[in-house]
Number of protein chains: 2
Amino acid sequence: MRMTHQREIILQELKMAKDHPTADELFQRVRKHLPKISLGTVYRNLEILAEAQTIQKIEVGGRQKRFDGNPMPHYHVRCVQCGRVDDVPVGRIKALDSMALKPHGYKILDHHLEFTGICPACQEKGLLQHNKTLT
Amino acid sequence: MRMTHQREIILQELKMAKDHPTADELFQRVRKHLPKISLGTVYRNLEILAEAQTIQKIEVGGRQKRFDGNPMPHYHVRCVQCGRVDDVPVGRIKALDSMALKPHGYKILDHHLEFTGICPACQEKGLLQHNKTLT
DNA sequence: TTATTTGCAAAAACTTTGCTGATAA
DNA sequence: TTATCAGCAAAGTTTTTGCAAATAA
């Protein structure tokens with residue numbers, strides 16, 4: 001795998017991201033450094049980097065795929081209003097995998113736990129909206 | 001909400017399904033009873049029925065959305081090879097929601113736990129493939 | 001009767017891919 | 001030098017939507 005300038009910036013931008021951007025969100029950020037980069041390049045690199053386990057593709061709900069600069073498995077929380085995804089600072093619960101040994105003869109490989117909720121920014125927005133309604 | 005013939009068949013077909021079909025899979029099954037039905041109608045009805053909590057839209061990984069005739073929350077296992085989704089016969093773990101109270105001021109509403117693995121049919125296919133290689 | 005729903009087709013949203021010129025090693 | 005990669009644009013996949021005709025209640 002060659003370390004092209006584009007790949008370097010994509011990786012750097014994802015690693016520094018505090019959220020878990022979609023391909024398009026990351027494209028917008030990378031574009032500020034590389035105005036000529038194309039969305040296809042971002043998609044291709046995210047795929048390659050995830051394959052190499054340098055980053056991870058997040059396996060959860062929501063319309064679009066999201067990416068995480070941290071390749072270690074961990075849990076996420078997703079805002080049902082704006083789609084934002086953050087880390088949950090709790091380690092993997094190993095006991096969970098054994099729970100699922102029973103069903104239908106599946107060979108269990110992994111599990112994904114995702115919390116859903118309202119992020120601070122959307123809670124704030126909700127309050128403002130509510131206050132407006134009262135006024 | 002009117003109980004149209006289309007809606008009735010869609011619901012019946014989903015309730016009787018042992019798997020958790022995508023909109024298109026369900027469309028193919030419903031088509032056998034109603035050859036003139038359109039995919040758009042299936043999508044619209046699944047949306048309405050999920051809104052009414054008669055069914056549920058499954059919020060997990062994989063490319064396409066899947067639907068479940070059982071509106072009660074429960075966990076699923078997904079085959080990473082063929083995408084098939086089955087139920088995991090284990091009740092909801094209430095303790096999980098409180099785990100996530102810490103992060104970033106999110107207001108937690110729910111959680112989704114998905115196991116990934118290989119379904120019996122794909123395990124079988126894998127073996128056949130392997131035997132073929134050996135021969 | 002009439003508000004809701006359907007079928008159809010077009011569009012939207014998201015992602016992948018083929019090709020040609022550019023480039024890292 | 002050359003296998004890999006980028007940019008561009010076209011195409012693929014999945015889901016949503018506008019509209020006129022049909023229909024449940």
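We name chains A, B, ... by the order of the sequence lines, and we start the count at 1 in each one. No hydrogens, no waters, no symmetry mates; every other heavy atom, side chains included, goes into these values. Quantities reported herein were computed from a predicted structural model and do not represent experimental measurements.
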* Asked: Quick one: what's the B/S/- string for nucleotides 17-25 of chain D, heavy-atom cutoff under 4.0 Å, read 5' to 3'?
  -> -BB---BBS
* For the pair A:His20 and A:His76, name the ring-plane relationship: parallel under 30°, tilted 30 to 60°, perpendicular over 60°. => perpendicular
Within-4.5 Å side-chain heavy-atom neighbours: [X] and [Y]:
X       : Y        : answer
A:Asp97 : A:Leu109 : no
B:Phe67 : B:Leu14  : yes
B:Tyr75 : B:Arg92  : yes
B:Thr22 : B:Lys65  : no

* Asked: Should we count CE of A:Met3 as having more than 12 external heavy atoms under 6.0 Å?
  -> yes
Before accepting this row, confirm whether a basic side-chain N of the pair [X]/[Y] lies closer than 4.0 Å to the acidic partner's carboxylate O.
X        : Y       : result
B:Glu25  : B:Arg66 : yes
A:Lys32  : A:Glu13 : no
B:Asp110 : A:Arg78 : no
B:Lys15  : B:Asp68 : no

* Asked: Nearest to the side chain of A:Glu47, which nucleotide is it out of C:dT15, D:dA6, C:dT16?
  -> C:dT16
Gap between atoms [atom1] and [atom2], on [X] and [N] respectively (whole Å):
X       : N      : atom1 : atom2 : value
B:Phe27 : D:dT15 : CZ    : P     : 13 Å
B:Phe67 : D:dT14 : CZ    : P     : 13 Å
B:Gln64 : C:dC14 : CD    : C1'   : 13 Å
A:Arg66 : C:dA13 : CZ    : P     : 16 Å
A:Leu46 : D:dC5  : CG    : P     : 14 Å
A:Ile9  : D:dG7  : CD1   : P     : 12 Å
A:Leu49 : D:dT4  : CG    : P     : 16 Å

* How do A:Arg63 and B:Val42 order along DNA chain C: which one's closest nucleotide is nearer the 5' end? -> B:Val42
* Which of residues 14-22 of chain A have a heavy atom under 4.0 Å from DNA chain C? -> none
* Structure fact -> Comparing nearest nucleotides in DNA chain D, the 5'-proximal residue of the pair A:Arg7, B:Asp24 is A:Arg7
* Short side-chain N/O contact from A:Lys65 to OP1 or OP2 of D:dT14, under 4.0 Å -> no
* **B:Gln6 side chain vs B:Ile37 backbone, donor-acceptor pair below 3.5 Å** => no
* Asked: Going by heavy atoms closer than 4.0 Å, what residues in residues 32-39 of chain A are next to DNA chain D?
  -> A:Lys36, A:Ile37, A:Ser38
